[in-house]
Visitor: 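The structure's right below; bear with me while I get my questions together.
Worth saying up front: this structure is predicted, and the values here are computed from it rather than measured. Proteins come first, then strands; the chains are lettered A, B, ... in the order of their sequence lines, and each starts at number 1.
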Amino acid sequence: MKQQELSKIYSPKDVEDKWYEYWESHKLFHATVNKDKKPYTVVIPPPNVTGILTMGHVLNNTIQDVLVRWKRMQGFETCWIPGTDHAGIATQNAVEKALAKAGTNRHELGREKFVERVWEWRKEYGGTIIRQLRKLGASCDWDRERFTMDEGLSEAVKEVFVRMFDKGLVYRGKYIVNWCPFHQTALSDDEVDYAESNGNLYYVKYRIEGTNESGIVATTRPETILGDTAVCVNPKDERYKHLVGRTAILPIVGRRLPIIADDYIDSSFATGMMKVTPAHDPNDFLLGQRHNLQQINILDEQGRMNEAVPKQYEGLDRFECRKRLLKDLESQGLLVKTEPHVHNVGKCYRCGTVIEPYLSDQWFVRMKPLAKPALRVVQNGTIRFHPDRHVKVYENWMNNIRDWCISRQIWWGHRIPVYYAPDGTYAAARNEAEARTKLKLPDGSVLRQDEDVLDTWFSSWLWPFSTLGWPKQSEDLQYFNPTDALVTAPDIIFFWVARMIMANMEFLKGEPGRSGKPRTTDEELVPFRDVYFTSIIRDLQGRKMSKSLGNSPDPLDVIAEYGADALRFTVAYLAPLGQDVLFASEKCEIGRNFANKIWNAGRFLMLNRTEICGDNQITLDKLPTEHLDLADRWILSRLAGTIKNFNDALSEFHLNDASKILYDFIWHDFCDWYVELVKTRFYGEESAEVKQTVVVRALWVFDQALRLLHPMMPFVTEELWQHLTDRKGQSLVRAPFPTGAHLRIEPTTEEEMTFVQDVINAVRNIRGENNIAPSKDIHLQVRAAGEKKGGVFKTYGKYLNKLARVVAVEMISAETKPKLASSAVVGDTEIFVPLEGLIDVNAERVRLEKEISRISALVQSIETKLANASFVERAPKTVVDKEKEKLANFISNAEKLKKSLKHLE
RNA sequence: GGGCUCUUAGCUCAGUUGGUUAGAGCGCUACCUUGACAUGGUAGAGGUCAUAGGUUCGAGUCCUAUAGAGCCCACCA
């Protein structure tokens, strides 16, 4: 308990880094298997290794840290595993950009060198975000930091791929994928951005063989005509029934196209006749499969027309070809009309190039078998979503799940562990030797590994167990998995959350669980129990935070200006479960001011501690229960309620409620009332012994408040907590969280205190409304309804003195006429502030009239209600009784006020 | 096109299963530097809870429709 001057204004800069270093160097965040304790595990949603901290991360990681610190203080063996994602395309892009600047490119370097370069890049620039998380105060177990390209995680990826391949859950197939001609890779559906675009709908005439008729089809992408292999109509369409089974002739090319019928066709769209291009449109592809149509690929990997098209178009860029083809169609009179058409065009989320549906060889995961159990555990509540409305979205997706295209034509990532023999046969294997065995090839024979790498999510979906050492068996894996809470953004519910559920359930089947026995039940197999979907952070105009809009404050700047605690608290305070948050850095004033308030409350208590106790050591181990007065009993009751409400709110993941509960308790109950009332004793006539008890008790309550607040505001609470008394090397990080075990919520105490507060408020109101200077002493006349109420004024007159500057209280009987006064009614007690030149009689009359009319309106509304026979009959008796009681009170109060008004004359 | 969410004070938002006089922060007005804090204190003004119906003794809360804002999924030639 070193005595030092604390500055009037809390300065986060001076304490935050200091404490973070202390916590980290003392390994306070480190978790180890401890069978005597219950584990509480959280895996971080691994941010892109290229990433820097955004407000989204701040929200996400603040929530995780609040939960983790709370559980840690509650005595759980708490493990928060941090790490980063190798982010295939994003990272490769970053490095390619750097190469371009240096005047070279990856093709010049070659694959091996390029990948080396990426590793170098990662060493130098990657993981910034991980360092930034420390600034925020995140209590991750840094000894467990992982990267999705780590050796261990790569093992997991290979193991999973090989197992799935051998089980038939991974297959290779031709498929329509979203192809980015710029990156020359397939993109998952989620990597394509769709935007409305003004295009044209072109109507083209196809001659029908053996008739004089022709059909007209409409298309937005005329160049795909060159890949048409059928024409399709709806079987119910009377206009075209006679054509089904005949043959159309493809313009320009002259290919013979069967005319087929399928329900997929919407007769009301355009002409109701559609051209079918199985190799270049996903729907046509499916149609093609149903009708056994030929697939003709007309593009190369860069989006140019290939050798499958007539010579004059070969080698043209797809858009160039479109122009030429339209011209040619027009000159042959086959372009019937062109009309403007707004449609959605998909673009590469990285480079903005228009994606091309493209037929290519890709690897896929069969999702249906994996989806079944994953759907079940969410429906049966083994995994709970917060807010739970996401369950519906999840169900819908899982019920309509499609196979997952996992191959990517880039170099940075986990290379697909498939090996090809010279004869083209192939097998998935953990290494070449295994591949040779599987392919029955001699040792040392030449193998070719698949060129593609896996989708980034193929490593992310293993995160809850790959980070714990799987496929190796370990105590860590047994103990820390299943994890507890997952905190993530709702937009990755499908590509991450759902897949983690599938992976954990599939690959941990039979692995030893917490009991040591093989896992079989849903409870043992899920990757986590609760999923918290965070809000989306927007700017004050409601726009998404984005780099291009420049509306995203840099969290580090915000921390520098307001402090990490302020940012954390503000974000928690503003983020209701499941709603978007409008944020601007000025909002952090809420948190900054709060931190400052707490700081000064602490300063005040410590000043008095020194004043009262001198240099004597005090201990806060135990609540002193001697010399309790109303304020003491009240604050302890309020503390008990606060602990309960806070724990309840956090258990439900209502961080905004939890933060408000603490804000109200600390600012309003503790600072506004308790600290003020405790002054009557610090500065009063009490003995030194009593004062000592009182100050220690106040410090004890404050200590409890700091513990409660620590998960939200770790830095300022630790700093203050250390100052309160000698902690002997202990940190608040692992101090027990308040349980309220020896505290009780006492309704009568709270009622009594509320009465005192109401009286003080009423006097203050009279002061305010009548412009009575705060320095002016007030004499009060009180007409109390009962002796008990009257007693309060005697016992706690000092409260009135301190908080409303009431220097004298005179009790008067019902018969006694009060002096000419400004009056108010509190409950059933009347208080009078004699005028004596203080008060403007007219102003007082207005004030009373206003109050009387307000209460009369209430009286009226209740009378109407009670006059309604069906209300009295059908409403519960308690409700009716309550209304009656209210009515009696209002009437009595109105009477009293009316009397006072009359008295003014 | 399918699904979901939101609309409460000038601004940003709370408001649990329908039942006190609808709350908070910021902003605004007035007063106050009173022995922690002006990043403070005290008081005050400000709301027919988007609109229209309905259920109910009773609706900010439940149902339907409408208007506006937004999100997710699909991506129709």
Visitor: Expressed as a whole number of Å, how far does the C1' atom of U12(B) sit from that of G27(B)?
Guide: 11 Å
Visitor: Hey, does the side chain of Asn656(A) come within less than 4.0 Å of C13(B)'s phosphate (OP1/OP2), counting only N and O?
Guide: no
Visitor: A45(B) phosphate, OP1 or OP2: any side-chain N/O from Lys850(A) under 4.0 angstrom?
Guide: yes
Visitor: Looking only at atom P, what distance separates G18(B) and C76(B), rounded to whole Å?
Guide: 45 Å
Visitor: Would you measure the distance from the C1' atom in C62(B) across to the matching atom in C57(B) and give it in whole Å?
Guide: 16 Å
Visitor: Given U20(B), A14(B), C57(B), identify the nucleotide with an atom nearest to the side chain of Asp657(A).
Guide: A14(B)
Visitor: Name all residues meeting the ring-ring contact (aromatic ring centres under 6.0 Å, His included) criterion together with Tyr573(A); count only those two or more places apart in sequence or in a different chain, and write none if there are none.
Guide: Phe569(A), Tyr663(A)
Visitor: Convert the base pairs of RNA chain B into dot-bracket notation, remembering that pairs crossing earlier ones are written with [ ] and that bases paired across to another strand are shown as |; include only Watson-Crick or G-U pairs under 3.5 Å.
Guide: (((((((..((((.....[...)))).(((((.......))))).....(((((..]....))))))))))))....
Visitor: Could you check whether Phe871(A) and the base of G58(B) form a stacked pair, meaning centres closer than 5.5 Å and planes differing by less than 30°?
Guide: no
Visitor: Leu803(A) has an atom CG; how far is it from atom P of C32(B), in whole Å?
Guide: 19 Å
Visitor: When all nucleic acid strands are considered with a 4.0 Å heavy-atom cut-off, which category describes Val675(A): base, sugar-phosphate, or nothing?
Guide: base
Visitor: C28(B) and A9(B): how far apart are their C1' atoms, nearest whole angstrom?
Guide: 12 Å
Visitor: For A14(B), take OP1 and OP2 only and decide whether either is under 4.0 Å from a side-chain N or O of Lys660(A).
Guide: no
Visitor: Is there a side-chain contact between Trp667(A) and the phosphate of G41(B), meaning an N or O under 4.0 Å from OP1 or OP2?
Guide: yes
Visitor: Looking only at atom P, what distance separates G25(B) and U17(B), rounded to whole Å?
Guide: 25 Å
Visitor: Which pairs count as salt bridge (charged side-chain N to carboxylate O under 4.0 Å, His left out) when at least one residue sits in residues 264-276 of chain A, sequence neighbours excluded?
Guide: Asp228(A)-Lys275(A)
Visitor: Determine: side-chain N/O of Arg402(A) to OP1/OP2 of C75(B), distance under 4.0 Å, yes or no.
Guide: yes
Visitor: Does OP1 or OP2 of C73(B) have a side-chain N or O of Lys392(A) closer than 4.0 Å?
Guide: no
Visitor: With a cut-off of less than 4.0 Å, is there a side-chain N or O of His341(A) near OP1 or OP2 of C76(B)?
Guide: no
Visitor: Using the side chain to side chain contact (heavy atoms under 4.5 Å, CB included) rule, take Lys8(A) and Arg603(A) through it: C-alpha gap first, then chi angles, then the decisive distance, then the call.
Guide: CA-CA 8 Å; Lys8(A) 255 169 86 160; Arg603(A) 228 160 56 86; 3.2 Å; yes
Visitor: So, Glu851(A) and Arg854(A), do they make that salt bridge, N to O below 4.0 Å?
Guide: yes
Visitor: Say you pick atom P in C26(B) and the same atom in G40(B); how far apart are they, in whole Å?
Guide: 7 Å
Visitor: Is Asn593(A) near enough to G40(B) that one of its side-chain N or O atoms lies under 4.0 angstrom from OP1 or OP2?
Guide: yes
Visitor: Starting from P on U17(B), measure out to CG on Asp648(A) and report it in whole angstrom.
Guide: 15 Å
Visitor: Run the salt-bridge test on Glu883(A) and Lys886(A) with the 4.0 Å N-O cut-off and return the result as yes or no.
Guide: yes
Visitor: Determine whether Phe702(A) and Tyr674(A) satisfy the following criterion, side chain to side chain contact (heavy atoms under 4.5 Å, CB included), listing intermediate values before the conclusion.
Guide: CA-CA 11 Å; Phe702(A) 191 62; Tyr674(A) 184 67; over 6 Å; no
Visitor: Among G25(B), U39(B), A36(B), find the nucleotide with the atom closest to the side chain of Ile9(A).
Guide: U39(B)
Visitor: Under 6.0 Å between the ring centres of Phe385(A) and His390(A)?
Guide: no
Visitor: Among U21(B), U39(B), A36(B), which is the nearest nucleotide to the side chain of Leu607(A)?
Guide: A36(B)
Visitor: Which residue lies toward the 5' end of RNA chain B, Gly602(A) or Asp281(A), if each is placed at its nearest nucleotide?
Guide: Gly602(A)
Visitor: Determine the Euclidean distance between corresponding C1' atoms of A22(B) and U39(B); express it in Å to zero decimal places.
Guide: 30 Å
Visitor: Report yes if a side-chain nitrogen or oxygen of Lys597(A) is closer than 4.0 Å to either non-bridging phosphate oxygen (OP1 or OP2) of G41(B); otherwise report no.
Guide: yes
Visitor: I'd like the P distance from A14(B) over to G68(B), given in whole Å.
Guide: 23 Å
Visitor: Of all the nucleotides listed (U21(B), G25(B), A36(B)), which has the minimum atom distance to the side chain of Glu676(A)?
Guide: A36(B)
Visitor: By nearest heavy atom, map Glu589(A) and Lys679(A) onto RNA chain B; which one lands nearer the 5' end?
Guide: Glu589(A)
Visitor: Does Phe583(A) form a side chain to side chain contact (heavy atoms under 4.5 Å, CB included) with Cys588(A)? I'd like the steps, not just the answer.
Guide: CA-CA 9 Å; Phe583(A) 180 87; Cys588(A) 289; 3.8 Å; yes
Visitor: For A36(B) and Arg603(A) - does any side-chain N or O of the residue sit under 4.0 Å from the phosphate oxygens OP1/OP2?
Guide: no
